[in-house]
Asks: 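Sharing a structure here in structure tokens format.
Basis for what follows: all heavy atoms, side chains included, without hydrogens, waters or symmetry-related copies. First the proteins, then the strands, lettered A, B, ... as listed; each starts at 1.
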Amino acid sequence: MEQSFYDQVFEVVRLIPKGRVTSYGAIARSLGSGGSARMVGYAMSNAGLALDPVPAHRVVNSTGLLTGKFHFSPPELMEELLQAEGIVVSDNKIKNFKSVFWDPMLEL
DNA sequence: GGATTGACGTGTC
DNA sequence: AGACACGCCAATC
């Protein structure tokens, strides 16, 4: 099984319901890696290389800040996608972040 | 196989 | 409240 950490991250990210977001740390914990939050973000770098589409725009850091926004082709795409799903983004930050926050551990 | 890196997190100043 | 520093862990070079 070449299911490395990245693949596990991709799976969880794909499970994120529309109109909801989660944090890197939350995903890392759901995978049992705990403090490997950085790995989650690192995995997202390969998200664009993933065969299946990974809604990386639904993943933000613990502060609800769109940290990976600059990694998108057009950085503004992230906000566009989020707002298109009903998520309010202001100044690269998610409004009502706590409200739209989706915890993978609750589903898994 | 050691060193570096990285879309983070939490604590401290 | 904003800025800075250190720590984690796994993949890549």
Side-chain angles (χ1 to χ4, degrees):
Chain A
M1 298 309 188
E2 292 78 58
Q3 289 223 320
S4 47
F5 225 80
Y6 294 20
D7 295 287
Q8 296 184 57
V9 173
F10 296 148
E11 278 192 70
V12 177
V13 174
R14 292 196 201 104
L15 292 175
I16 301 176
K18 180 184 169 217
R20 288 282 152 71
V21 296
T22 190
S23 64
Y24 302 94
I27 295 172
R29 288 184 181 187
S30 65
L31 296 178
S33 298
S36 59
R38 313 185 89 192
M39 315 295 66
V40 179
Y42 198 38
M44 301 265 83
S45 296
N46 293 310
L49 307 175
L51 303 177
D52 301 310
V54 179
H57 61 274
R58 293 185 187 150
V59 186
V60 295
N61 68 358
S62 62
T63 62
L65 184 69
L66 307 187
T67 48
K69 148 176 179 155
F70 299 99
H71 288 245
F72 283 75
S73 312
E76 52 194 62
L77 177 65
M78 190 169 189
E79 294 181 35
E80 294 284 304
L81 293 170
L82 289 172
Q83 305 225 37
E85 296 188 0
I87 299 174
V88 183
V89 179
S90 177
D91 192 40
N92 297 347
K93 290 176 305 198
I94 295 179
K95 289 295 184 185
N96 306 323
F97 173 58
K98 203 172 176 183
S99 304
V100 296
F101 181 74
W102 177 79
D103 193 332
M105 294 206 297
L106 298 179
E107 290 292 316
L108 303 178

Asks: Taking for each residue the nucleotide of DNA chain C with the nearest heavy atom, is it A:Asn46 or A:Ser36 whose nucleotide lies nearer the 5' end?
Replies: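 The residue closer to the strand's 5' end, by nearest nucleotide, is A:Ser36.
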Asks: Between A:Phe10 and A:Met44, is there a side-chain heavy-atom distance shorter than 4.5 Å?
Replies: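 The answer is yes, as the side chains (C-beta and beyond) meet within the 4.5 Å cut-off.
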Asks: Would you find a donor on one side and an acceptor on the other, under 3.5 Å apart, between the side chain of A:Asp103 and the backbone of A:Met105?
Replies: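 Yes; judged by distance alone, with no hydrogens or angles, the pair exists.
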Asks: Supply the atom-to-atom distance A:Leu77 CG to A:Glu79 CD, rounded to the nearest 0.5 angstrom.
Replies: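 Result: 10.0 Å between the selected atoms.
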Asks: Taking only residues two or more places apart in sequence or in another chain, which ones pass ring pair (Phe, Tyr, Trp, His ring centres under 6.0 Å) with A:Phe72?
Replies: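 Ring pair (Phe, Tyr, Trp, His ring centres under 6.0 Å) check on A:Phe72 returns nothing, list empty.
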Asks: Quick one: pull up CD in A:Glu85 and CD1 in A:Ile16 and give me the separation to the nearest 0.5 Å.
Replies: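 Rounded to the nearest 0.5 Å, the CD-CD1 separation comes out at 9.5 Å.
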Asks: Indicate for each nucleotide in nucleotides 8-13 of chain B, in 5' to 3' sequence, whether protein heavy atoms under 4.0 Å reach the base (B), only the sugar-phosphate (S), or nothing (-).
Replies: BSS---
Asks: Taking A:Ala28's backbone N and O only, do any of them form a donor-acceptor pair with A:Ser36's side chain (distance below 3.5 Å, no angle check)?
Replies: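 Side chain of A:Ser36 to backbone of A:Ala28, a donor-acceptor pair under 3.5 Å: no, none is there.
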Asks: Which part of the nucleic acid, if any, lies within contact of A:Ala56, taking any heavy atom under 4.0 Å across all strands shown: a base, the sugar-phosphate backbone alone, or nothing?
Replies: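 Here A:Ala56 touches the bases of the nucleic acid.
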Asks: Applying the side chain to side chain contact (heavy atoms under 4.5 Å, CB included) criterion to A:Met78, which one of A:Val59, A:Val89, A:Val60 satisfies it?
Replies: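 Answer to the side chain to side chain contact (heavy atoms under 4.5 Å, CB included) test with A:Met78 among A:Val59, A:Val89, A:Val60: A:Val60.
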Asks: Is A:Val54 close to A:Arg14 at the side-chain level, that is, under 4.5 Å between some pair of heavy atoms?
Replies: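 The answer is yes; the side chains approach within 4.5 Å.
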Asks: Give me the first and last nucleotide of DNA chain C, going 5' to 3', that has any atom under 4.0 Å from a heavy atom of chain A.
Replies: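 Both ends considered, the range comes out as C:dG7 to C:dA11.
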Asks: At under 4.0 Å between heavy atoms, what does A:Tyr6 touch on the DNA or RNA strands: base, sugar-phosphate, or nothing?
Replies: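 A:Tyr6: backbone/sugar contact only, no base atoms under 4.0 Å.
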